[in-house]
Amino acid sequence: MIKDPEMTDKNGRKLLWSPWFRIIVERFLAPLWWKDLKLTLGTDQFVDGKIHRFDCSEEHFGGAGHAGPWLSKLEKTRAQEESKQEKKKTVDEY
């Protein structure tokens, strides 16, 4: 995981990570993919067919574009709608 956003390269220069790259590393690379890279590259074990939406971290909220959490809210709403549809489908089947 990128625990230290102030990491430096071998020449002492600060490494800059985009907020989305940091999220991908923390959610996918570090806990899943790097543990068994051969499995990751050679199989579809970690392919779930979903589009993963996530907002940048809070430290990047604000700015000229007034960034804030919206994708996570959108994802929550989508998941609630899917749940409602599944319940309705189950009821309709009986």
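These figures come from a predicted structure and were not determined experimentally.
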With sequence neighbours excluded, tell me which residues meet side chain to side chain donor-acceptor pair (under 3.5 Å) with [X].
X: Asp48; result: His52
X: Glu86; result: none
X: Lys84; result: none

What's the separation between atom CD in Glu82 and atom CD in Gln85, rounded to the nearest 0.5 Å?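 Glu82 atom CD to Gln85 atom CD measures 7.0 Å (nearest 0.5 Å).
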Could you give the distance from CD (Gln45) to CG (Leu32), rounded to the nearest 0.5 Å?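 Nearest 0.5 Å value for the CD-CG distance: 9.0 Å.
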Who are the side chain to side chain contact (heavy atoms under 4.5 Å, CB included) partners of Ser83, not counting sequence neighbours?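 Only Lys87 meet the side chain to side chain contact (heavy atoms under 4.5 Å, CB included) criterion with Ser83.
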Side chain to side chain contact (heavy atoms under 4.5 Å, CB included) partners of Trp33, counting only residues at least two apart: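 With neighbours one apart ignored, the set is Ile24, Phe28, Leu29, Thr40, Phe46.
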Positive for side-chain contact (heavy atoms from CB on, under 4.5 Å) with Thr43, one of Val47, Leu41, Leu39: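 Of the listed options, the one satisfying the test is Leu39.
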Report the residues that fulfil salt bridge (Lys or Arg N to Asp or Glu O under 4.0 Å) with Lys38, sequence neighbours left out, ordered by chain and then residue number.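 Lys38 satisfies salt bridge (Lys or Arg N to Asp or Glu O under 4.0 Å) with no residue once adjacent residues are dropped.
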